Amino acid sequence: MSCYTFSISPDYLPSDLTGWFIFNTWLQKITDTRFHLELHDSFEQQRYDLDDDKIDLIYANPFDAAKLVREKGFKPLVKPQNRQDEVVVLVRAESLYQCVEDLSTKPIIISADDPDVLMMGFMLLEPADVVKDDEITMIRKSHVQVAKDLLNKEGDIAFMLKSSFDELSDLIKWQMRVLVESRIDLITHVLMASPRLEPLHDSIRNSVLALASSPKGPSVMEFMPMKQWQNVEEEEAEFMIDLMDAIMS
Amino acid sequence: MKIRYFSGHTREFNVVDEEIPYPEGRLIVSRTTTRGIITHANSAFVEMSGYEAHELIGADHSLLRHPDMPKEAFRDLWSTVLAGRKWQGFVKNLRKDGRFYWVLATVIPNIRKGQIQGFTSVRRKPSRRKINEIIPVYEQMRFDEERSI
């Protein structure tokens with residue numbers, strides 16, 4: 001029996017890992033197919049594997065999802081219900097910056113190497129005429145490290161996924177302030193499959209959609225970052241890709 | 001005030017010289033047919049335009065067109081997107097109550113199976129400095145347009 005590779009977007013929270021392993025075990029049983037759950041430390045590492053066509057099933061962030069559909073023929077299957085990707089721009093609590101327009105055009109920005117976060121973060125800074133520039137962007141390995149380094153005054157502001165910010169301890173959150181927060185409502189991670197996995201597309205989609213109402217559902221989903229999955233129509237996926245195209249410009 | 005559109009039709013409108021600030025972090029998103037008829041409006045669009053969703057769906061997107069906008073800007077928009085390319089520019093939009101709001105608009109053709117099926121327009125908060133730069137440019141363009149009539 002051939003073994004496929006299942007990868008998840010490297011912006012996962014450590015607390016979600018147990019959930020992904022349980023989900024992968026369940027998926028293998030329900031589809032009678034072997035999946036190896038490959039965890040990547042960085043988006044860069046994951047991108048190498050995507051370029052080499054080593055990934056068959058992926059829980060992709062919206063930025064990668066758009067590229068995978070257009071460039072690799074991946075098919076979006078399902079998305080998490082009521083879980084949109086939003087970004088916060090943070091400053092230290094005592095910062096003099098009260099709004100985006102207060103920023104200089106070259107603030108020092110701390111961010112994880114997350115293409116979604118960088119894209120949406122820089123979009124939020126457009127009213128201050130800040131443009132994407134590697135010289136002013138300090139990349140960190142994780143969102144937690146981003147928060148720590150902002151508090152250590154290594155930068156002026158930080159970009160973070162809102163879901164990651166919400167997970168920080170109150171002690172850390174109290175030392176920071178949200179300067180601006182995206183409220184896009186339309187962009188989400190997507191579970192998508194490669195063309196190589198085409199014979200299993202319907203089986204995976206139908207099984208995952210039926211999971212919530214199945215007896216196994218509560219135990220499989222207990223440690224997952226989402227409570228339920230919902231279908232992604234082809235046009236809906238195309239719409240999200242068009243949106244990403246627009247934001248990237 | 002009588003607003004005259006590129007298509008030739010006109011409408012009376014009470015234009016109020018008062019700007020509504022763009023809401024932080026939001027994207028205004030709409031979709032239209034290839035003829036500019038609105039088929040989708042997100043909640044930010046409904047809130048900022050001042051219209052009800054049912055008033056927007058089925059309406060011509062030019063409903064939002066402010067008389068201070070030069071016709072050439074929209075001519076350029078349409079020729080660009082109908083050629084299958086992305087258009088971006090600063091747009092002063094007219095609300096239902098006559099007040100206005102500035103956006104940085106990006107319009108992209110929705111290409112499905114090689115055919116343009118419609119357009120998606122995504123508007124975001126613009127830089128004030130850039131708006132201040134574009135205002136005299138648009139004024140000059142409108143002045144030239146009026147002289148050439």
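These figures come from a predicted structure and were not determined experimentally. Note: hydrogens, waters and symmetry copies are ignored here, and every other heavy atom, side chains too, is used.
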(message) Does A/E94 have more than 12 heavy atoms from other residues, nucleotides or ligands lying within 6.0 Å of its CD?
(response) yes
(message) So that I can tick it off, tell me whether B/K125 and A/E101 are bridged by a salt bridge, with the cut-off set at under 4.0 angstrom between side-chain N and carboxylate O.
(response) yes
(request) Give, as side chain, backbone, both or neither, the part of A/L124 having an atom under 4.5 angstrom from any heavy atom of chain B. (result) side chain
(message) For the CG atom on B/D17, are there more than 12 heavy atoms of other groups (residues, nucleotides or ligands in this structure) within a distance under 6.0 Å?
(response) no
(message) Looking at every heavy atom in both A/D129 and B/S127, which two are closest together, and how far apart are they?
(response) OD1-OG, 2.7 Å
(request) Determine whether more than 12 heavy atoms belonging to other residues, nucleotides or ligands lie under 6.0 Å from atom NZ of A/K141. (result) no
(request) Using modelled atom types only, decide if a donor and an acceptor are shared between the side chain of B/R128 and the backbone of A/P127 within a distance under 3.5 Å. (result) no
(message) Just so I know, are the side chains of A/S182 and B/R26 near enough to count as touching, which here means a heavy-atom distance under 4.5 Å?
(response) no
(request) Please list, in residue-number order, every residue in residues 35-56 of chain B that has a heavy atom less than 4.5 Å from any heavy atom of chain A; write 'none' if there are none. (result) B/H40, B/N42
(request) Considering only heavy atoms and a distance below 4.5 Å, find which of A/M120, A/E234, A/E181, A/E86 pairs most often with chain B. (result) A/E181
Per-pair distances, 0.1 Å, donor-acceptor, side chain in residues 71-78 of chain A, under 3.5 Å, sequence neighbours excluded:
unit_1, atom_1, unit_2, atom_2, d
A/K72, NZ, A/L50, O, 3.4
A/K72, NZ, A/D51, O, 3.3
A/K72, NZ, A/D53, OD1, 2.9

(request) Could you tell me which portion of A/L186 (side chain, backbone, both or neither) has an atom closer than 4.5 angstrom to a non-hydrogen atom of chain B? (result) side chain
(message) Ignoring hydrogens, what is the shortest heavy-atom contact between A/A246 and B/V122? Give both atom names and the distance.
(response) CB-CG2, 3.6 Å
(message) Closer than 3.5 angstrom, by distance alone: can the side chain of B/K86 be matched with the main-chain N or O of A/D245 as a donor-acceptor pair?
(response) yes
(message) Side chains of A/E238 and B/N110, heavy atoms from C-beta outward: is any pair under 4.5 Å?
(response) no
(message) How close do B/I108 and A/L243 get, counting heavy atoms only, and between which atoms?
(response) CD1-N, 4.3 Å
(request) Begin from the C-alpha positions of B/R112 and A/E235 and carry the test salt bridge (Lys or Arg N to Asp or Glu O under 4.0 Å) through to its verdict. (result) CA-CA 9 Å; B/R112 310 285 183 262; A/E235 182 50 36; 2.9 Å; yes
(message) Is the shortest side-chain heavy-atom distance between B/V29 and A/F239 below 4.5 Å?
(response) yes
(message) Would you say that A/M123 contacts B/R124 through its side chain, given a criterion of any heavy-atom pair below 4.5 Å between the two side chains?
(response) yes
